[in-house]
Amino acid sequence: DAKTTQPPSMDCAEGRAANLPCNHSTISGNEYVYWYRQIHSQGPQYIIHGLKNNETNEMASLIITEDRKSSTLILPHATLRDTAVYYCIAINAGGTSYGKLTFGQGTILTVHP
Amino acid sequence: DAGVTQSPTHLIKTRGQQVTLRCSPISGHKSVSWYQQVLGQGPQFIFQYYEKEERGRGNFPDRFSARQFPNYSSELNVNALLLGDSALYLCASSLTGYNEQFFGPGTRLTVL
């Protein structure tokens, strides 16, 4: 699975959009980009995933660049409850990786009042 | 619908003891994965089971073992506990293992 690189921390004002970047320059054609987050002392929570098209759900939007070397997770109206560690993970949808998640250090997002 | 459940929520053991952690997946999910999260780090993959068969194993010693039952629930066993085994143990379920995984609240294991 491709290595991903994220900034260690980011701040955001409550009510504003939070844009979390992720670099995955070695991603292969059949690797998906998944985003999870972990609020303190809880299990990780699935947010969204995509292959090459932009995706949106009730939680967030995922923008993947045309060359697929980077992506951005967008929380459109951040709230204090969005304060968490956000993980960007590249996963081969099949083959020998069988969907196992390889977590890096992630980005600590702090939402301020 | 109930999410992934894990038991117990907290556990204290001493070095050399054995521990069994339990996980019940979301109804309809056939795959269970186990992760270990040491304080300050991201979760580390231990095992994935699908349809009662081990599909994959992470870089953990043989002291760690697991199994999945016909109802798709799972147990993680750790023998000869070491201080370094103190961690949050997370269980995740998914339909097939290849798609999004849903995590339980974890079991906090403390080894003294």
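So you know, we letter chains A, B, ... as the sequences are listed, proteins then strands, and number each from 1. Just so you know, these numbers use all the heavy atoms, side chains as well, and skip hydrogens, waters and symmetry mates.
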*How far does CG of B:L88 sit from CD of A:Q38, to the nearest 0.5 angstrom?*
7.0 Å

_Rounded at 0.5 Å granularity, tell me how far OH in A:Y46 sits from CG in B:N99._
9.0 Å

With only heavy atoms counted, which part of [X] is less than 4.5 Å from chain A, the side chain, the backbone, both or neither?
| X | result |
| --- | --- |
| B:P43 | both |
| B:Q44 | side chain |
| B:Y35 | side chain |

*Residues A:Q105 and B:Q41: side-chain donor-acceptor under 3.5 angstrom*: no

Shared hydrophobic cluster for [X] and [Y] (ILVMFWY, side-chain gaps under 4.5 Å):
| X | Y | value |
| --- | --- | --- |
| A:Y86 | A:I74 | no |
| B:V78 | B:L39 | no |
| A:I64 | A:I89 | no |
| A:Y87 | A:M10 | no |
| A:I63 | A:L75 | no |

Minimum-distance pair of heavy atoms, taken over all atoms of [X] and [Y]:
| X | Y | result |
| --- | --- | --- |
| B:F45 | A:L101 | CB-O, 4.1 Å |
| A:G43 | B:L90 | CA-CD2, 3.7 Å |
| A:H49 | B:E100 | CE1-OE1, 3.7 Å |

_Within the structure provided, determine whether B:F103 and A:Q42 are in side-chain contact (heavy-atom separation under 4.5 Å)._
no

_Neighbour count above 12 (heavy atom, 6.0 Å) for B:R63 CZ_ = yes

*For B:N59, look at atom CG and say whether over 12 heavy atoms of other residues, nucleotides or ligands are found less than 6.0 Å away.*
no

*Which is it for B:F102 and A:Q45 under the side chain to side chain contact (heavy atoms under 4.5 Å, CB included) test, yes or no, and what are the steps along the way?*
CA-CA 7 Å; B:F102 297 88; A:Q45 178 188 23; over 6 Å; no

